[in-house]
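Some notes on the structure that comes next.
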Amino acid sequence: MALAVGLWPLPLVAGESFPEAVGIATFWLLPAVAAVTVGAYPRRQERRRRSAVAEARGAQRLQLSRDLHDFVAHDVSGIVVQAQAARFVATTDPSQAVLALERIEKAGLNALASMDRTVQMLHGPEAAPATDPLPGVPQLPSLIEDFASAGAAEAHLDLPPRVSAGLSREVGSVAYRIVVEALTNVRRHAPDASRVTVAFTPTATTVELRVTDDGNAPSAPARRRASRGGLGLPALAEHAQALGGTLSAGPHGDGGWQLTAVLPATLPEETP
């Protein structure tokens with residue numbers, strides 16, 4: 001149609017030279033080009049909008065899967081450990097079974113709270129904000145205590161006071177997620193571990209977080225390499241890199257495992 005609009009005047013202008021004919025055709029093509037441009041612009045914007053919506057939905061699904069893996073998986077693994085312990089002591093020591101049931105209840109409530117936050121995210125920005133913020137470094141002592149009480153492994157936390165004061169809310173949330181993921185992996189892949197250490201080491205501009213377990217079995221690293229389920233460590237590595245930090249994990253000592261994260265921080269000066 002555009003070609004017809006451009007060529008229809010040519011038979012009416014006999015005797016014109018070739019350049020003049022090209023100029024006439026080009027002049028009459030301009031309205032067609034303008035019409036195509038006007039029609040294509042809203043279609044292009046609509047394609048951009050659909051692409052942006054698809055990317056936003058993909059990012060939201062990824063964030064939801066990370067939240068479910070980081071928090072719910074940890075609580076569910078704790079429930080499994082407590083249920084196994086309660087089954088073995090129920091006949092010999094009912095009081096310990098009752099304590100295990102109390103811990104199961106607490107872990108179940110934590111899992112429900114995490115799922116509530118996930119559901120609120122699904123409702124979009126117009127939904128009411130969550131009443132409880134995402135946990136961070138101040139909640140680590142309670143996390144370590146719950147982990148130690150849920151199994152046979154002894155857990156130790158080394159958290160200098162200036163680290164708690166120097167980590168931003170976002171960095172603190174990532175640090176908490178890293179510890180949760182590390183403890184969950186200990187439960188799943190190193191059930192024979194007898195000691196787990198979570199240590200924060202401050203430097204001038206960063207904080208180094210190390211989560212180390214003894215594994216207590218020479219085959220522990222092999223079992224961990226063979227069990228690659230979930231999105232935990234790769235997703236947390238992306239979080240750390242987005243903040244300007246790093247995250248790595250690998251065998252440590254005789255059958256143990258160590259996770260190391262370096263996160264940015266603005267730490268207060270040490271008082272003499």
Side-chain angles (χ1 to χ4, degrees), residues 66-85 99-118 130-191 193-202 207-214 230-233 235-236 239-240 243 245 247 249 256-261 263 265:
R66 289 172 176 173
D67 287 342
L68 288 174
H69 180 277
D70 291 346
F71 296 114
V72 179
H74 173 76
D75 293 324
V76 171
S77 65
I79 291 173
V80 172
V81 172
Q82 290 292 338
Q84 292 172 340
L99 292 177
L101 291 175
E102 292 177 355
R103 298 188 189 104
I104 289 174
E105 179 185 14
K106 182 179 179 180
L109 292 174
N110 290 336
L112 288 175
S114 299
M115 294 180 69
D116 287 341
R117 286 195 297 265
T118 303
T131 55
D132 296 327
L134 288 175
V137 173
Q139 284 74 38
L140 282 178
S142 176
L143 175 69
I144 300 300
E145 181 181 353
D146 292 341
F147 174 82
S149 62
E154 177 186 353
H156 176 70
L157 174 64
D158 183 8
L159 179 61
R162 57 194 296 253
V163 171
S164 300
L167 293 180
S168 65
R169 180 179 300 178
E170 184 177 11
V171 174
S173 177
V174 172
Y176 183 89
R177 286 172 179 255
I178 291 173
V179 176
V180 167
E181 177 65 19
L183 297 180
T184 302
N185 287 341
V186 171
R187 280 176 176 162
R188 295 176 61 185
H189 308 308
S194 60
R195 179 176 176 83
V196 180
T197 302
V198 179
F200 288 81
T201 304
V207 167
E208 183 181 72
L209 165 61
R210 292 182 181 269
V211 184
T212 309
D213 68 83
D214 56 10
L231 302 173
L233 289 181
L236 290 173
H239 273 298
L243 294 173
L247 186 146
W257 195 265
Q258 182 171 268
L259 185 150
T260 304
L263 302 173

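Numbers here simply count residues along the sequence, with the first being 1. Hydrogens, waters and symmetry mates are skipped; everything else that's a heavy atom, side chains included, is used.
Closest approach of Asp214 to Ala193, counting heavy atoms only: OD1-CA, 3.4 Å. Nearest heavy-atom pair across Leu247 and Ala240 is CB-CB, 4.3 Å. Across Ala155 and Ile144, no two heavy atoms sit closer than the pair CB-CG2, 3.5 Å. The two residues Ala153 and Arg195 have their closest heavy-atom pair at CB-N, 4.4 Å.
The one candidate from Val180, Val198, Val186 that meets the side-chain contact (heavy atoms from CB on, under 4.5 Å) condition with Val211 is Val198. The one candidate from Asp158, Leu263, Leu140 that meets the side-chain contact (heavy atoms from CB on, under 4.5 Å) condition with Phe200 is Leu140. Among the candidates Val179, Leu209, Leu159, the single residue satisfying the side-chain contact (heavy atoms from CB on, under 4.5 Å) test with Val137 is Leu159.
In this structure Thr212 satisfies the side-chain hydrogen bond (donor to acceptor under 3.5 Å, both in side chains) test together with Gln258, sequence neighbours excluded.
Panel note: side chain Ser173, backbone Arg169; no donor-acceptor pair is recorded below 3.5 Å.
Counting heavy atoms from C-beta on, the side chains of Glu170 and Leu243 come closer than 4.5 Å. Under the 4.5 Å side-chain criterion, counting only non-hydrogen atoms from C-beta, Thr197 is not in contact with Arg210.
Considering CD1 of Ile178 and CG of Leu183, their distance stands at 12.0 Å, rounded to 0.5 Å.
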